[in-house]
2 protein chains.
Amino acid sequence: MHENYGSDKCDCNIIHEDVVNMVRKNMPKEEYLYDLAELFKVFGDTTRIKILYALFASEMCVCDIASLINMTQSAVSHQLRVLKQARLVKYRKEGKIVYYSLDDEHIKHIFDQGLMHITET
Amino acid sequence: MHENYGSDKCDCNIIHEDVVNMVRKNMPKEEYLYDLAELFKVFGDTTRIKILYALFASEMCVCDIASLINMTQSAVSHQLRVLKQARLVKYRKEGKIVYYSLDDEHIKHIFDQGLMHITET
DNA sequence: ATATCATATGAACAGTTATTCATATGTTCA
DNA sequence: TGAACATATGAATAACTGTTCATATGATAT
């Protein structure tokens, strides 16, 4: 009785057509969902999480960050580039030293909510 | 003058020792940071984001989810397992049909904050 | 019983990613 | 100018991840 509406990938039948249609109406734009996943991808790495938490406390230069989290300067520099591209950190130069700091107020809230999930029983 | 304190990986010198020590004191436990990254890793995939957004609107069976987001039943099932392991979704069985629903109230807040970052100018 | 359907799962493959290494850039200081 | 230092970056490698395919499981209905 039920037909498969417009999906070439799905290899099964829609069981609750009304529910699917209702949910489809409420889905955010595909583009937003993609961008959201991209953002969380950036958060999904221990090194980057450590860097961001460090910057919650203070702006820091690359060398200090590397020392703090016990990673090579190169690894930290690579990750800072990722964070910079995601518009999560910004930097200022002072001679040969580059200071990085946070560029977003939402991060802390996101992390706090994340920690609430983790620390639940 | 500056020495490298206890880090074997870092290949540079601590420039601001006081800052590093202060920041180190304020860092959350290594374990939390690891778990947090693991959580965000789960969010860092478009398919899983879509599934979670779908479940914001209603509980759904696997087949309906697959149809909605235009993925194979198998792919969806694999991702639901990941979400289940992360304690983000739960399920109930009704005959041969399995209904999945959200198992966490924090997710929506996390996503909303994430969207605020994305939709900023 | 057997055919059908919904779901789960293991293996394989392709694509992605984080770190390392070597090196380049640009600044400071002697 | 040249040595030392902070940072950036490209290439290579190893590890990880998501999808697909084939198949298994378990339930329903005839």
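Within every chain, numbering begins at 1; the chains are lettered A, B, ... in the order of the sequence lines, protein sequences first and strands thereafter.
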R48(B) atom CZ is separated from dT17(D) atom C1', nearest whole Å, by 8 Å
Result for side-chain contact (heavy atoms from CB on, under 4.5 Å) between I51(A) and one of D45(A), L88(A), L80(A) points to L80(A)
Side-chain contact check for S77(B): nearest option of dT19(D), dT27(C), dT9(C) is dT9(C)
query: Does a distance-only test, which skips hydrogens and angles, find a donor-acceptor pair under 3.5 Å between the side chain of S74(A) and the base of dT9(D)?
result: yes
Subject >> F43(B) ring center within less than 6.0 Å of H117(A) ring center >> reply: no
Here the distance between atom C1' of dC21(C) and atom CE of M71(A), to the nearest Å, is 15 Å
DNA chain D nearest-nucleotide lookup for I97(A) and H78(A): closer to the 5′ end is I97(A)
Regarding the side chain of Y100(A), the nearest nucleotide among dT20(D), dT19(C), dA8(D) is dA8(D)
Side-chain contact check for Q73(A): nearest option of dC21(C), dT7(D), dT19(C) is dT7(D)
Q. With sugar-phosphate meaning primed atoms plus P, OP1 and OP2, does K93(B) contact a base, only sugar-phosphate, or nothing at under 4.0 Å between heavy atoms?
A. nothing
| message | For a quick test of reading the model: is some side-chain N or O of Q79(A) closer than 4.0 Å to OP1 or OP2 of dT19(C)? | response | yes
ask   = Between N13(B) and dC5(D), does any side-chain N or O lie under 4.0 Å from OP1 or OP2?
value = no
Once you apply a heavy-atom cut-off of 4.0 Å, does Y99(B) come out as touching a base, just sugar-phosphate, or nothing? nothing
